[in-house]
Amino acid sequence: MDKFSKTLIIIFTSFFITGLFPSSSYAQNCSDYRFPNNNIYAACNTLPSLNSFLHWNYHRSTHTVDIAYRHTRITASDWVVWSLNPTGGGRSSAMIGAQCLVAFRNSTGLVHAYTSPISGYATRLQEGPLSFRVPRIGAEFANDEMIIYATIELPSDRTSFTHVWQNGHVSGDTPLMHPTDGENMRSFGTIDFATGQTAETGTASGGSRNRKRNVHGVINVVSWGILLPVGAMAARYLKVFKSANPAWFYLHVTCQTSAYVVGVAGWATGLKLGSDSPGVEHTTHRNIGITIFSLATLQVFAMFLRPKPDHKYRTYWNIYHQTIGYSVIVLSIVNIFEGIDILDPEKKWKKAYTGVLIFLGAIAAVLEAFTWYVVIKRKGQSTNNGYGA
Ligand SMILES: *[C@@H]1O[C@H](CO)[C@@H](O)[C@H](O)[C@H]1NC(C)=O
Ligand SMILES: *[C@@H]1O[C@H](CO)[C@@H](O)[C@H](O)[C@H]1NC(C)=O
């Protein structure tokens, strides 16, 4: 292997690795955190979404709990909420009935912390008393994180509750609707203040649904997101090598056909997921998916209508074929990122797929340059030959 290829391999590999693992050093152990006011909490939990942490002391004798809720990586114009929901349960019912502790920096520049009970989806987080007593509440914002401190008199004799946490933007002094996709739709679980036990959503159906979503994601990323662009690269870059003459064509057809077959299966799993979860609308993701499927199907049928290479309409067919082809690739990449935002709590998929794209992009850039070099050189040679003759 020559020096040049070795260097290329090293560059690609490091691109790939940095794409996969940037900034993964984010501290996950909540018990290492030191509070600015030196408060000490006996228990803590790293919540599974929205970069949030819950610290608490449970007092058995009074059935009260002192909590410190930390919501990190937000801006000064965001609101945050941590709430108990004594009546709610799963995904569809976690919000209604939530008894919220709210905090945001208001127009005076001070951090305003207050309680707000939620009775409907159209809430603006208006101030109001909760169904249980909150003797103390305060909050502070610094270094992109909000901390809500409160004491809660736990309702009834229970210590285990559904809890929900959220964030969103503030406009003026009004909290706006929180985002309705990705982590913001998974930010609830159960918590037991006495035992310290927590669970995400806990249910078996939640687990199998997540598995289905992951399968849907993997199939579509591999087919539409990787095979399809690789097939397009085979057509564009192998063609210049005279020795690769029919081979590039078969490689291209094989890649695109398998991408299509696998991709349609992935598309079908997406439709099924959509119909299994009424009320959860991922309209953009769905519409882009349907568009991709239609264009790709058109592309398959157009293969059969392909004019012979020397036919006068072949140029037009080529333009059509490439336009639709590149559109499908661009739409696929856009939709994969849409899908990842819906799916991925830790953003690790986004990093992995961005790594793959950078890798493919780098290869394409090198091959593009090489193709131009070859084409220009050939032109030069044929001109020289012309003069020489
Ligand atoms: C977190 O850190 C504490 C002490 O710093 C340690 O005892 C505990 O085992 C750690 N937990 C995890 C999950 O790493
Ligand atoms: C802003 O927050 C401070 C601190 O809680 C509060 O005293 C003040 O009334 C709030 N102002 C508005 C306009 O909500």
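Whatever order the structure lists ligands and atoms in, that order sets their numbers, starting from 1.
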Asker: Is there at least one pair of N or O atoms, one from Asn106 and one from ligand 2, spaced under 3.5 Å apart?
Answerer: yes
Asker: Determine whether the aromatic ring centres of His311 and Tyr313 lie less than 6.0 Å apart.
Answerer: yes
Asker: Atom 11 (N) of ligand 2: protein heavy atom closer than 4.0 Å?
Answerer: yes
Asker: Measure from the side-chain N and O atoms of Gln99 to the backbone N and O of Gly97, and report whether any donor-acceptor pair falls under 3.5 Å.
Answerer: yes
Asker: Among all protein heavy atoms in this structure, tell me which lies nearest to atom 13 (C) of ligand 2, with the distance rounded to 0.1 Å.
Answerer: Asp173 OD2, 3.4 Å
Asker: How would you list, by chain and number, every residue that makes a salt bridge (charged side-chain N to carboxylate O under 4.0 Å, His left out) with Glu153, sequence neighbours excluded?
Answerer: Arg133
Asker: What is the closest protein heavy atom to atom 5 (O) of ligand 2, and at what distance does it sit?
Answerer: His112 ND1, 2.7 Å
Asker: Taking the six-membered ring for Trp and the full ring for Phe, Tyr or His, determine whether the centres of Phe370 and Tyr237 are under 6.0 Å apart.
Answerer: no
Asker: Just jot down the ligand 2 atoms closer than 4.0 angstrom to any heavy atom of Thr108, in number order.
Answerer: 1 (C), 11 (N)
Asker: Please tell me whether Thr72 and Asn51 have a donor and an acceptor in their side chains that are separated by less than 3.5 angstrom.
Answerer: no
Asker: Only heavy atoms of Val111, strictly under 4.0 Å: list the atoms of ligand 2 that pass.
Answerer: 4 (C), 5 (O)
